[in-house]
Amino acid sequence: MVAPPVPESAQLPEELSDRHPEALLPTPTPLHLLDANGREVDSRLSMPEEDVLLDLYRRMVVGRRFDAQATALTKQGRLAVYPSSRGQEACEVGAVVALRPQDWLFPTYRDSVALVTRGVDPMETLTLLRGDWHLGYDPYEYRVAPQCTPLATNTLHAVGLAHAATVKGEDTVALVLLGDGATSEGDTHEALNFAAVWKSPVVFLVQNNGYAISVPLAKQTAAPSLAHKGIGYGMPSVLVDGNDAAAVHVVVREAVERAATGHGPTLIEALTYRIESHTNADDAQRYRDDAEVAAWLERDPIDRLERYLTARGLLGEDARAAITAEAEGLASRVRAGMNADVEVDPMSLFQHVYAQPTLQLRAQQQLLTDELLQEAE
Amino acid sequence: MVAPPVPESAQLPEELSDRHPEALLPTPTPLHLLDANGREVDSRLSMPEEDVLLDLYRRMVVGRRFDAQATALTKQGRLAVYPSSRGQEACEVGAVVALRPQDWLFPTYRDSVALVTRGVDPMETLTLLRGDWHLGYDPYEYRVAPQCTPLATNTLHAVGLAHAATVKGEDTVALVLLGDGATSEGDTHEALNFAAVWKSPVVFLVQNNGYAISVPLAKQTAAPSLAHKGIGYGMPSVLVDGNDAAAVHVVVREAVERAATGHGPTLIEALTYRIESHTNADDAQRYRDDAEVAAWLERDPIDRLERYLTARGLLGEDARAAITAEAEGLASRVRAGMNADVEVDPMSLFQHVYAQPTLQLRAQQQLLTDELLQEAE
Amino acid sequence: MTATLGAPPAAAPVTMASALNRALADALEADDRVLVFGEDVGTLGGVFRITDGLAARFGDRRVFDTPLAESGIVGTAIGMAMNGLLPVVEMQFDAFAYPAFEQVTSHLAKMRNRTRGAVGLPVVIRVPYGGGIGGVEHHCDSSEAYYTHTSGLRVVAPGTPGDAYDLLRAAIDCPDPVIFLEPKRRYWSKETTTLGAAPLPIDRAAVRRAGSDVTLIAYGGMLATALEAAEAAVEEGWDVEVVDLRTLAPFDDDTVAASVRRTGRAVVVHEAQRFGGYGAEVAARLTEQCFHHLAAPVLRVTGFDIPYPAPKLEEHHLPSVDRILDAVARLQWDDQVEPPRKGY
Amino acid sequence: MTATLGAPPAAAPVTMASALNRALADALEADDRVLVFGEDVGTLGGVFRITDGLAARFGDRRVFDTPLAESGIVGTAIGMAMNGLLPVVEMQFDAFAYPAFEQVTSHLAKMRNRTRGAVGLPVVIRVPYGGGIGGVEHHCDSSEAYYTHTSGLRVVAPGTPGDAYDLLRAAIDCPDPVIFLEPKRRYWSKETTTLGAAPLPIDRAAVRRAGSDVTLIAYGGMLATALEAAEAAVEEGWDVEVVDLRTLAPFDDDTVAASVRRTGRAVVVHEAQRFGGYGAEVAARLTEQCFHHLAAPVLRVTGFDIPYPAPKLEEHHLPSVDRILDAVARLQWDDQVEPPRKGY
Ligand SMILES: Cc1ncc(C[n+]2csc(CCOP(=O)(O)OP(=O)(O)O)c2C)c(N)n1
Ligand SMILES: Cc1ncc(C[n+]2csc(CCOP(=O)(O)OP(=O)(O)O)c2C)c(N)n1
Ligand SMILES: [Mg+2]
Ligand SMILES: [Mg+2]
């Protein structure tokens with residue numbers, strides 16, 4: 001059996017995939033647009049518009065500054081914990097910029113930069129990590145689900161939300177982010193399957209950063225690539241260079257377009273790397289070499305795009321200065337915000353457990369009220 | 001990208017699959033050895049030895065007789081419930097005959113014929129379904145795990161048992177049976193993944209009988225085939241005609257051989273059909289046409305092999321008579337056994353909940369003892 | 001009022017199964033946002049036929065079969081609820097809801113609180129629960145304790161056809177997630193009633209039989225057994241009150257404690273294993289609230305602390321009329337040591 | 001006995017984390033069939049470093065990282081136990097054990113009974129549980145009630161480093177499956193003790209502090225708080241006994257009921273939400289067993305019926321010394337209405 005050639009475009013008409021299932025397989029090497037030095041390469045993808053590229057660059061710089069600020073705040077004890085996205089900005093920004101206002105984002109704990117890119121207030125993004133409350137923003141305001149900690153569970157929420165959009169006749173696509181480790185959970189499997197069977201408008205973006213905390217990919221899967229899982233659901237899959245913001249952006253944009261036009265879900269695996277430890281509480285030196293980190297620093301997503309834009313004369317001094325100013329402005333707002341102490345009302349413990357507080361919760365609230373009064377005396 | 005040709009043999013050296021992941025894909029049409037009329041077809045598989053073929057035939061006939069007897073017993077109210085394997089004998093028998101004594105079988109509720117083929121006492125097989133106890137046999141005696149009802153959970157047990165064999169340096173392969181519906185459960189995904197990562201000696205045999213109770217395959221998956229899931233775990237996969245006992249047997253035998261020689265797990269999908277309703281409590285007419293059933297009756301696994309053996313002069317009158325006698329003997333033993341009323345000691349309720357009964361269970365046992373004494377008075 | 005205008009529909013005999021079917025149909029009819037899905041609920045109408053005819057009537061956009069994956073069913077229901085729909089999903093049998101446990105505890109129960117009220121999840125999970133039907137292993141679990149211990153969930157268990165209708169309608173209308181436990185053994189029980197005529201609120205218990213000597217507390221599959229025991233107790237000269245909890249969480253303290261204060265004695269009945277069972281909560285909280293009214297400890301009549309038994313032995317495991325009467329008899333009716341308290 | 005021969009090793013200060021680490025190492029050393037696996041337990045030594053150094057010492061055949069899937073971890077552990085091994089697996093945090101719930105309830109707990117004793121499953125599931133460490137959502141659940149209600153499981157929760165060692169060794173040696181709850185907040189607590197010197201049996205509770213007025217019942221993360229409360233109560237003139245349950249299921253009725261009969265008053269303490277919590281079982285069964293000795297209802301001091309709160313608010317949720325003392329104060333010390341019963 002010789003497999004038919006894969007068509008040039010990811011916009012895969014369904015009939016084709018029926019006749020030639022191998023068309024659902026990813027390419028053997030990741031799709032990309034820029035090499036590590038920011039030079040354009042031959043690709044089946046077409047380069048995004050210049051303003052989009054500049055926007056991606058700007059948002060990556062701002063996102064990284066946010067990330068660095070958050071990391072710094074953990075060292076000062078201002079944040080309980082922070083899982084950094086450093087190194088993964090091409091995925092977070094490239095993907096989110098591909099969303100339309102009516103689309104939804106289903107992020108994980110790792111994806112604070114994606115949230116900021118989506119426009120979530122940076123202080124609201126950090127509410128969870130500062131320990132004030134489980135969530136700081138209104139999901140409906142930004143169309144961003146709560147950052148999800150139980151791994152892979154958000155994949156199903158995304159499918160459900162997208163399917164509901166189909167049922168209601170709304171043009172909404174759900175983009176769900178997950179890590180390489182999360183692909184091992186049963187929920188990922190169920191979500192890919194439901195989405196494929198229902199042809200739901202969902203885009204699954206696996207940020208394969210090589211590790212699940214300390215566990216390297218080789219202990220996570222024996223697959224040729226995580227994208228190779230797609231065909232087992234009848235879902236087209238794409239393998240992309242996750243440090244190439246332009247490529248991630250184009251690939252996600254195509255997938256969003258497929259989803260929005262009724263062609264169903266796409267599985268995208270983006271190869272990237274987390275530069276920091278899993279969180280500030282982790283010590284990555286226990287399980288990986290400095291040399292490995294150094295090699296990935298060479299493939300930095302921001303540098304890469306910066307070189308390209310600079311070489312093409314698209315990134316002048318003024319633009320750089322404006323972006324730096326924006327990033328620093330954000331960082332100082334975050335610093336100021338996080339240095340101000342926030343009081344959280346203990347009574348909020350009892351709110352929103354049910355739509356209406358139960359009698360039992362009212363009694364428990366009274367108990368706490370009495371205790372606090374006593375203490376105050 | 002043009003995929004490389006798939007090699008002739010399923011005995012896939014691992015290096016090859018590394019270089020050419022497409023080699024992990026199943027063939028586009030099911031492998032077979034005999035067509036529906038029992039004529040040998042061109043195949044990459046080689047026909048099993050004549051004695052093996054006769055053995056497969058004999059066991060299928062006996063298995064079907066057992067199955068028919070069990071179904072009859074439900075009508076007489078002697079069995080609480082019975083999920084019939086009728087139509088799936090080629091899978092159940094073909095696979096089990098491929099196991100060596102030291103191997104393990106992990107069956108589902110559907111696979112009573114597989115149990116009988118493995119040598120489990122037919123009365124012990126029916127203990128569960130007669131409602132006497134949850135299990136009638138000692139798993140270690142036959143190397144057969146309890147028939148599993150919670151779907152797909154047994155896939156993980158099989159992987160664990162097989163991995164333990166590897167750890168202990170024992171030559172044991174675990175064959176796990178599951179249905180098309182069960183492939184949708186998260187546990188199936190986790191099991192395939194663990195097995196592939198650990199290179200465990202496991203064979204996954206999906207009996208795709210087209211339905212999960214009433215739900216047809218098209219609502220279960222959008223994949224080109226269920227076997228296409230293998231590549232997503234880096235696992236070779238095989239699509240086989242599940243009504244061709246010879247083909248199933250050879251394919252499972254090759255997979256057992258791969259597993260036993262350290263080449264890891266295989267995913268096999270066997271296309272078959274359940275002729276009866278899901279169980280005697282189900283009414284298949286609510287969700288499928290008589291015409292569909294009729295078409296599958298034309299592809300009967302026993303007829304097929306019988307025609308082949310007869311045409312080749314391998315199945316004489318004596319052999320037939322002996323097999324019929326064996327089948328009828330079994331059926332009458334089952335009838336006799338099931339018509340005898342079995343007393344189940346109520347005190348057994350409290351045994352084996354823990355290795356040693358707890359004080360609480362002893363007190364509860366006393367309560368029941370007192371009640372029964374009172375009643376008897 | 002004339003005979004033709006505004007007259008309530010005549011009461012008619014109805015099984016719990018058909019009451020549930022009617023509740024689903026009426027909810028689908030009343031609100032476009034209601035969806036019914038799960039394993040075999042479409043074409044087949046469910047293995048217990050609770051969804052019979054719904055797919056044909058409302059179309060497979062609103063009533064449909066899913067792939068076979070319970071976490072998937074609950075997880076996607078959560079996403080649908082986030083997007084404004086009202087999913088009513090079926091778990092085929094009690095033990096087959098366990099694969100969805102993480103979605104239920106970590107998301108369904110917590111979402112409203114996590115999001116400070118921004119995201120409510122009005123999902124109903126229908127779970128045929130309990131035994132007494134001769135089912136083989138894994139088909140007869142009673143798992144109410146797992147759910148009632150999970151803050152953020154409402155847990156409901158109707159004991160009669162009329163209540164099955166009312167409570168399912170109320171559960172679907174409820175902005176909170178509801179675990180809706182359907183007692184399998186009562187599916188084919190009949191009641192002559194007018195469905196929906198005078199529904200009691202979802203979070204209220206009901207005194208099903210008034211009595212002055214002892215309170216039997218039951219729900220779901222055990223309500224009928226408790227009522228039977230109450231009748232049988234007449235012979236012994238005991239006047240037994242039966243409270244039907246209807247909703248297990250949140251608990252209707254007022255109704256139940258009032259009854260126990262009146263009678264001074266209480267027995268709680270359930271099929272589930274005893275240790276850490278729902279009855280423990282009932283006993284503990286009633287003791288906290290009624291200690292000085294109690295002539296005896298609140299007793300529990302429950303299943304044993306064993307895996308649910310095979311069909312041939314289930315009768316020994318399940319609370320029976322006799323076992324309930326034995327417990328009532330142990331409530332120190334002629335306590336010589338302790339004088340009866342105030343009021344007795 | 002000379003100073004060099006047979007002398008017990010000198011007692012030394014040890015944290016609960018290192019006691020657990022030592023228990024695993026000693027078990028791995030003592031029995032080849034012991035395997036330790038889970039997420040990040042190999043190279044990293046676990047996120048709490050409980051398995052630190054074990055992979056290096058015993059090799060990655062015996063101590064290893066799995067793919068990230070909890071049902072997979074428990075399900076394969078079941079298969080390994082069927083094949084004669086003794087798996088000790090780690091769930092990274094309490095709430096992340098929920099995906100394994102079906103494997104735990106439908107298989108791990110039931111296998112011995114289903115197979116009439118033919119297949120025992122000596123699996124230990126280690127679960128870092130509870131809060132008090134400023135963890136974000138899903139990292140601080142207390143789920144003992146889900147497991148203690150599941151017949152066939154043993155549930156253990158050490159409160160001290162010495163017990164952590166003894167109970168983990170006993171759990172690994174135990175032929176039954178054990179859910180081993182490790183109180184995260186006590187990982188770094190120290191005790192000066194000789195590990196393994198005089199282990200108490202796995203299913204026995206321990207009186208940690210003798211007292212005559214009231215019994216505080218605690219375990220795991222709340223033991224230290226209960227002991228602190230007992231000390232503080234001295235000032236109020238109350239002589240408080242503290243019972244450490246150690247094993248939550250099966251329950252050591254003898255030890256606990258004896259204490260409560262002696263004191264006539266009891267308070268049970270846990271972090272988990274109250275409704276349907278483990279404390280309900282303790283209260284219900286002690287009331288059944290000690291009713292005539294009780295001067296007051298058994299009270300519960302527990303977390304509220306809410307999802308575990310964010311770090312800034314957890315102090316308000318968790319039982320504190322003051323909240324325990326308040327409960328003790330509510331035990332009707334000067335009850336004018338009811339005369340003290342026999343014996344008080
Ligand atoms: C169900 C579940 N199990 C375990 C964890 C603990 N945990 C948090 S992050 C993590 C690793 C996740 O790795 P990956 O999916 O690759 O994402 P990354 O952190 O690399 O972005 C683990 C094990 C969890 N959050 N949820
Ligand atoms: C976890 C779980 N969910 C649901 C069920 C109820 N159930 C029993 S068999 C079945 C259909 C299974 O279909 P399939 O896997 O194709 O096997 P088949 O019965 O066709 O052999 C269902 C839904 C179950 N046993 N376990
Ligand atoms: Mg990762
Ligand atoms: Mg099937």
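Reminder, nothing fancy here: chain letters follow the sequence lines and each chain counts from 1.
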Nearest heavy atoms of [X] and [Y], plus distance in Å:
X: C:Leu68; Y: B:Ser184; result: O-CB, 3.4 Å
X: C:Ala310; Y: B:His134; result: N-CE1, 3.4 Å
X: B:Ser348; Y: C:Leu313; result: OG-CD1, 3.8 Å

Is [Y] close to [X] at the side-chain level, that is, under 4.5 Å between some pair of heavy atoms?
X: C:Arg274; Y: B:Gln360; result: no
X: B:Gln147; Y: C:Val136; result: no
X: B:Leu372; Y: C:His316; result: yes

May I ask you to check whether over 12 heavy atoms, not counting those of [X], lie within 6.0 Å of atom [atom1]?
X: B:Asp283; atom1: CG; value: yes
X: B:Arg288; atom1: CZ; value: yes
X: B:Gln356; atom1: CD; value: no

Should the pair B:Arg286-C:Asp40 be classified as a salt bridge under the 4.0 Å nitrogen-to-oxygen rule?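 No, B:Arg286 and C:Asp40 are not salt-bridged.
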Looking at C:Glu315, C:His138, C:Glu39, which makes the most heavy-atom pairs under 4.5 Å with chain B?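 Sorted descending by pairs with chain B, the first entry is C:His138.
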Looking at C:Ser71, C:Gly72, C:Pro67, which makes the most heavy-atom pairs under 4.5 Å with chain B?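 That would be C:Pro67.
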Part of [X] within contact of chain C (heavy atom distance under 4.5 Å):
X: B:Val353; value: side chain
X: B:Glu371; value: side chain
X: B:Leu128; value: both
X: B:Gln374; value: side chain
X: B:Asp282; value: side chain
X: B:Leu151; value: side chain

Relative to chain B, which segment of [X] carries a heavy atom at a distance below 4.5 Å: side chain, backbone, both, or neither?
X: C:Glu70; result: both
X: C:Gln92; result: side chain
X: C:Thr66; result: backbone
X: C:Phe304; result: both

Top residue by heavy-atom pair count (under 4.5 Å) with chain C, among [options]?
options: B:Thr149, B:Leu129, B:Thr188; answer: B:Thr149
options: B:Asp187, B:Leu367, B:Thr127, B:Thr183; answer: B:Leu367
options: B:Tyr109, B:Trp133, B:Tyr354, B:Phe350; answer: B:Phe350
options: B:Ala182, B:Ala212, B:Pro150; answer: B:Pro150

Against chain C, residues from residues 70-82 of chain B with at least one heavy atom under 4.5 Å, in numeric order, are B:Ala80, B:Val81
Atom pair [atom1]/[atom2] of [X] and [Y] - distance to nearest 0.5 Å:
X: C:Thr43; Y: B:Tyr287; atom1: OG1; atom2: OH; result: 10.5 Å
X: B:Asp345; Y: C:Lys312; atom1: CG; atom2: NZ; result: 13.0 Å
X: C:Asp305; Y: B:Thr358; atom1: CG; atom2: OG1; result: 7.5 Å
X: C:Ile306; Y: B:His352; atom1: CD1; atom2: NE2; result: 13.0 Å

Take C:Arg323 and B:Leu368 through the test side chain to side chain contact (heavy atoms under 4.5 Å, CB included) and record every step on the way to the result. CA-CA 9 Å; C:Arg323 202 171 285 164; B:Leu368 181 58; 3.7 Å; yes
